[in-house]
Amino acid sequence: EVEVAIKVVVVGNGAVGKSSMIQRYCKGIFTRDYKKTIGVDFLERQIEVDGEDVRLMLWDTAGQEEFDAITKAYYRGAQACVLAFSTVDRESFEAIESWKRKVENEVGEIAMVIVQNKIDLIDDALVHTTEAEDLAKKLRLRFYPTSVKENLNVEEVFRYLAGKYIER
Ligand code: GDP
Ligand code: MG
């Protein structure tokens, strides 16, 4: 049986919740191939989509995004991407299109999704969900509001990407 394995990169400004999201989704199961040496690593989780076993490898950064210093190795071979911003960080929302371009410059067009994290902080929101929906519409991408803290919609994001990849 041929197993489907998907490399997923999770990008966005620092502190939007990327590492938290990956850890939440994968429940702390580290792979043996921990890639500390090249400054990147991934966690993985296996799910079933349309009767197929899919192995999702979620690549995390070690904070290099803060310095715009993500290496090519991080993007190489990526088949799906989460573009993440935070409800309480306006700049992180405004950076979404530039993250999309960065990913596409490295790997071309792949399955992508826009994620508005920290939706639990909606009372202090600096980005309205309607703005995010408009951006998603413009970029023709699916949009998910999430709260990693409250475990809201995290599963759905990765299930969507896996399904999108499989249907291609
Ligand atoms: P990264 O730099 O994008 O990897 O962000 P981190 O995962 O390190 O998260 C940055 C901070 O945001 C941490 O203090 C997290 O606990 C917090 N955080 C992450 N997700 C959420 C969320 O959904 N809600 C709230 N309130 N805080 C979150
Ligand atoms: Mg991080």
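Heavy-atom basis, side chains included; hydrogens, waters and symmetry copies ignored. If you're wondering where the values come from, they're calculated on a predicted model, not measured in any experiment. Along the sequence shown, residues carry numbers from 1. First listed ligand is number 1; within each ligand, the first listed atom is number 1.
Proximity of Thr61 to ligand 1, defined as any heavy-atom pair under 4.0 Å, is not found for any part of the residue. Only the side chain of Asn117 comes within contact range of ligand 1, with a heavy atom under 4.0 Å; no backbone atom does. Neither the backbone nor the side chain of Glu150 has a heavy atom within less than 4.0 Å of ligand 1.
Between the side chains of Asn117 and Thr146, at least one donor N or O sits under 3.5 Å from an acceptor N or O.
In this structure, the protein non-hydrogen atom closest to atom 27 (N) of ligand 1 is Lys118 CD, 3.9 Å. In terms of protein heavy-atom proximity, atom 2 (O) of ligand 1 is nearest to Ala15 N, 2.7 Å.
Heavy-atom distances between Glu65 and ligand 1 reach below 4.0 Å in at least one pair.
In terms of polar-atom proximity, defined here as any N/O pair under 3.5 Å, Gly17 does make such a contact with ligand 1. Checked by distance only, ligand 1 and Val148 come closer than 3.5 Å through their nitrogen or oxygen atoms. Residue Ile119 has no N or O atom closer than 3.5 Å to an N or O atom of ligand 1.
Contact check on Glu133 versus Lys137 returns no salt bridge, with no Lys/Arg side-chain nitrogen under 4.0 Å from an Asp/Glu carboxylate oxygen. Ion pairing between a basic and an acidic side chain is recognised when a charged N comes within 4.0 Å of a carboxylate O; Glu155 and Arg45 show such pairing. A salt bridge between Arg55 and Glu44 is present, with a side-chain N of the basic residue lying under 4.0 Å from a carboxylate O of the acidic one. With salt bridges taken as basic N to acidic carboxylate O contacts below 4.0 Å, one links Lys100 and Glu104.
Using bins of under 30°, 30° to 60° and over 60° for the plane-to-plane angle, the ring pair Phe85/Phe143 lands in the parallel bin.
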Checklist line | Derivation of the side chain to side chain donor-acceptor pair (under 3.5 Å) call for Ser147 and Asp120 | finding: CA-CA 6 Å; Ser147 170; Asp120 55 287; 2.8 Å; yes

Next item on the list: Could you give me the CA-CA distance, side-chain angles and deciding distance for Ser19 and Asp60, then say whether side chain to side chain donor-acceptor pair (under 3.5 Å) is met?
Entry: CA-CA 6 Å; Ser19 298; Asp60 197 8; 2.8 Å; yes

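Comparing Ser20, Gly12, Ser147 by heavy-atom distance to atom 16 (O) of ligand 1, the nearest is Ser20. Summarising the contacts of atom 24 (N) of ligand 1 with Asn13, Asp60, Asp120, the nearest heavy atom is found in Asp120.
Heavy atoms of other residues, nucleotides or ligands lying less than 6.0 angstrom from CD of Gln46 number more than 12.
Partner of Trp99 under the side-chain contact (heavy atoms from CB on, under 4.5 Å) criterion, chosen from Val11, Ile114, Val9: Val11.
Inside a 4.0 Å radius of atom 14 (O) of ligand 1 there is not any protein heavy atom.
Close contacts between ligand 1 and Gly14 involve ligand atoms 2 (O) [criterion: under 4.0 Å to a heavy atom]. Near Leu121, meaning under 4.0 Å from one of its heavy atoms, ligand 1 places the atoms 26 (N).
The Mg ion (ligand 2) does not have Ser20 among its coordinating residues (no N/O/S atom, backbone or side chain, under 2.8 Å).
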